[in-house]
Amino acid sequence: MERKWLRTLLMLLDVNDQAYNDYAWYYMLCQQNTRFVGRMKSNAKYEIIEERAVNQPNLLHDQVIKLSGLAGKKCPQNLRRITIIREEDGKELTFISNDLKCEAQEIAALYKSRWQVELFFKWIKQNLKIKRFVGRSENAVKIQILVAMIGYLLLRLAQIGSTSKRSLQGIAKLISLNLTSRRCLIDLITKPPETEPPVQASLQHELRLAIQ
């Protein structure tokens with residue numbers, strides 16, 4: 001299920017990795033007028049429709065292609081095939097895209113920015129603590145992520161506005177334990193930990209008094 005929603009988010013960002021090389025999905029994106037850029041598999045079968053001129057030293061191929069075989073049946077659409085030499089390590093990379101207009105270097109740069117997408121997902125997993133999606137529609141996924149981000153930002157603002165050295169996780173836990181208490185948020189955060197009465201112990205004390 002997590003992989004499915006990750007794919008949905010990547011679709012919104014229109015950049016995907018080789019692991020998401022799904023030709024039926026590519027065709028769905030084309031039908032939705034959504035641009036995509038991905039890594040092309042080395043064993044992909046295709047025919048070249050147009051060979052475009054290359055004017056960059058690290059650009060090997062800029063072609064308009066049509067997939068053949070089973071892939072062609074799943075995605076009967078003219079696509080772009082771009083091959084470059086990565087400057088950092090000299091590795092040859094081949095991209096596939098439905099963008100037939102932009103410059104080849106621009107498409108390659110868009111894929112390079114995919115790392116920022118990976119960092120974004122890593123940040124979500126570490127900070128927003130989204131264990132599962134409540135809704136299954138695209139709108140539901142967006143809303144849940146935005147709500148979680150708003151909650152995170154509110155905690156961060158509270159942390160910045162106080163003199164506390166607590167971590168965000170510590171602040172979140174403290175607030176969750178005092179949801180029914182009418183206390184100033186800044187006072188709650190900045191109060192020294194050693195003077196804070198344990199919530200569980202306080203409840204037990206009140207219970208004993210009620211029984212007596």
Side-chain angles (χ1 to χ4, degrees), residues 1-20 22 25 28-29 32-39 88 106-212:
M1 184 62 69
E2 180 182 356
R3 185 182 179 90
K4 178 181 177 182
W5 292 118
L6 180 61
R7 175 180 292 192
T8 301
L9 291 172
L10 282 168
M11 181 176 69
L12 299 176
L13 295 166
D14 73 22
V15 183
N16 55 85
D17 201 359
Q18 197 167 2
Y20 300 97
D22 184 332
W25 181 49
M28 182 188 72
L29 295 182
Q32 294 176 347
N33 295 319
T34 299
R35 180 179 58 168
F36 70 81
V37 180
R39 288 279 299 280
E88 297 93 297
E106 183 179 342
I107 294 175
L110 184 60
Y111 180 83
K112 187 177 181 180
S113 67
R114 180 188 59 84
W115 177 242
Q116 297 301 320
V117 178
E118 297 290 345
L119 292 178
F120 174 66
F121 289 136
K122 182 179 179 181
W123 181 86
I124 285 179
K125 188 174 182 180
Q126 291 179 341
N127 296 281
L128 301 190
K129 308 299 182 184
I130 299 177
K131 296 182 179 180
R132 67 184 182 89
F133 288 99
V134 178
R136 298 190 175 187
S137 68
E138 177 183 320
N139 192 51
V141 173
K142 287 181 180 179
I143 289 174
Q144 186 169 347
I145 292 177
L146 288 174
V147 169
M149 291 182 71
I150 290 171
Y152 174 88
L153 291 173
L154 289 174
L155 289 176
R156 182 71 178 115
L157 287 172
Q159 184 187 46
I160 294 173
S162 69
T163 57
S164 174
K165 298 187 181 298
R166 297 176 186 272
S167 65
L168 283 177
Q169 290 78 7
I171 294 175
K173 183 177 180 180
L174 184 62
I175 291 175
S176 66
L177 291 173
N178 291 271
L179 287 177
T180 59
S181 302
R182 298 187 63 180
R183 299 179 61 184
C184 174
L185 180 60
I186 299 300
D187 291 342
L188 178 65
I189 295 173
T190 56
K191 194 172 183 180
E194 59 273 14
T195 63
E196 294 174 359
V199 175
Q200 189 64 31
S202 177
L203 291 175
Q204 292 175 352
H205 178 66
E206 291 178 8
L207 181 61
R208 283 197 299 268
L209 290 177
I211 295 174
Q212 293 174 359

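As a basis for the values below, the full set of heavy atoms in this structure was taken, side chains included, without hydrogen atoms, waters or symmetry mates.
- Atom CZ of R132 is separated from atom CD of Q144 by 8.0 Å, given to the nearest 0.5 angstrom.
- Residues passing the side chain to side chain donor-acceptor pair (under 3.5 Å) test with E106, sequence neighbours excluded: none.
- The distance from atom OG of S137 to atom CD1 of I143, rounded to the nearest 0.5 Å, is 7.0 Å.
- I150 contributes atom CD1, which lies 11.0 Å from atom CG of L128 (distance to the nearest 0.5 angstrom).
- Here the straight-line distance linking atom CG of L155 with atom CD1 of I171 works out to 6.5 Å at 0.5 Å rounding.
- Atom CG of L174 is separated from atom CG of L188 by 4.0 Å, given to the nearest 0.5 angstrom.
- The shortest heavy-atom contact between G135 and A140 is CA-CB, 3.6 Å.
- Side chain of Q159 to backbone of I189: no donor-acceptor contact under 3.5 angstrom is found.
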